[in-house]
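For reference, the structure discussed in these notes is given below.
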Amino acid sequence: MAEASYTPRVFSGIQPSGNLHLGNYLGALKRFVDMQESDAQTIYCMVDLHAITVWQEPEKLRHATRELCAGFIAAGLDAKKSILFNQSQVAEHAQLAWIFNCVARMGWMKRMTQFKDKAGKNAENASLGLFGYPALMAADILVYHATHVPVGEDQKQHLELTRDIAMKFNHDYGVDFFPITEPVIEGAATRVMSLRDGSKKMSKSDPSDLSRINLTDDADTIAKKIRKAKTDPEPLPSEIDGLEARPEARNLVNIYAALADMSVEAVMADVGGRAFSEFKPMLADLAVAKLAPISDEMARLMRDVGEIDRILSQGADKARAIAAPILSQTYEIVGMVGAGVR
Ligand code: TRP
């Protein structure tokens, strides 16, 4: 069979698990919004079906899904340029995931480090969905024949599994149907670390609220958290190399660069050698200037839930229009009767 050729298509997913913070903004939302300007079609999904692999309070899940949608739009996502929707509205994800459950091997799934981390010591008590999580993720991507998937470093293994599933499916059925997707792994510049410990990722589950800047924080809170951010007593180094063994200093410089859309080199040329007492207020001003409008816009959108739901439902219609024919073709390949007329 001739090599299939695929339209460039970007897909990524984020879990609606609440408490959006600066790390989600710089590492995902802003990056995804920037990709809208490329030639590729961009599809972004709030993965509510993934979220329930661990217990979620229904009302909180609904709220977090809408808030994530508001976050996307406030960060600059344009529903005319990108497809934005929540996973459960497009049944094709779950349908293809079933097929992939029958392609992926137990041995592959057992090697997934995220399952081991999330299941912890009591793996017998983890949900079957948590174990199957990566097969659903492969379905999210491949039901659109997506060619590029921007994710964080921690998702690399899941993307390798996605490639393995695509290859095994193509091989077993003797087709060249699913593309071998390329991961687009985020660089250090957009990886945001905790404000209290430069060796840990900024996280919604860190017990200290001072460790992160939430997208719902107001200007005073943002400024306070930056003022209190952990640093060392030395002034900033004059060269980039001097940041290497200083994770907290490097994190603050990275955040500055990412918010200002500047390279770390260019930031260091400006601020190298300055004391933190001078640099922190600069960073606080920049962070407030960039983030306060986003939190205002999110709050405004959240007052009109009907509008958010309309955006998600229209996005789901557009997503389904791509996913449905790919699922039908998959069923046809697999030998399901009636697939051709769907
Ligand atoms: N597992 C991803 C995460 O936790 C979220 C996700 C689900 C995803 N489906 C996806 C990311 C498909 C990229 C593509 O970050």
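Only heavy atoms go into these numbers, but all of them, side chains included; no hydrogens, no water, no symmetry mates. Order of listing sets the numbers, starting from 1, for every ligand and every atom in it.
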Under a 4.0 angstrom heavy-atom cut-off, which atoms of ligand 1 come close to Val149?
13 (C), 14 (C)
Under 3.5 Å: N/O of Asp140 near N/O of ligand 1:
yes
Out of all atoms in ligand 1, which are within 4.0 Å of some heavy atom of Val47? Include the element for each.
7 (C), 9 (N)
Quick one: which ligand 1 atoms are inside 4.0 Å of a heavy atom on His50?
7 (C), 9 (N)
Check each atom of ligand 1 against the heavy atoms of Val151 and keep those under 4.0 Å away; list them by number with element.
11 (C), 13 (C)
Below 4.0 angstrom, N of the basic side chain to O of the carboxylate: do Arg66 and Asp309 qualify?
yes
With a 4.0 Å cut-off, would you call Arg300 and Asp296 a salt bridge?
no
Under 4.5 Å side-chain linkage, directly or through intermediates, the cluster mates of Leu210:
none
Is it the case that ligand 1 has an N or O less than 3.5 angstrom from some N or O of Ser12?
no
Closest approach of any protein heavy atom to atom 12 (C) of ligand 1, naming residue and atom:
Phe11 CE2, 3.5 Å
Report the part of Leu136 in contact with ligand 1, treating N, CA, C, O as backbone and CB onward as side chain, heavy atoms under 4.0 Å; options are side chain, backbone, both, neither.
neither
Applying side chain to side chain donor-acceptor pair (under 3.5 Å) between Asn214 and each of Thr221, Asp209, Asn24, report the one that passes.
Asp209
Of all protein heavy atoms, the one nearest atom 4 (O) of ligand 1 is Tyr133 OH, 3.2 Å
When you check the gap from the basic side-chain N to the acidic O, do Arg310 and Glu307 get nearer than 4.0 Å?
yes
For atom 5 (C) of ligand 1, what is the nearest protein heavy atom, given as residue, atom name and distance?
Gly13 O, 3.5 Å
Parallel, tilted or perpendicular for Tyr144 and Phe11, by the 30°/60° rule?
parallel
Between Phe177 and Ile326, is any pair of side-chain heavy atoms under 4.5 Å apart?
yes
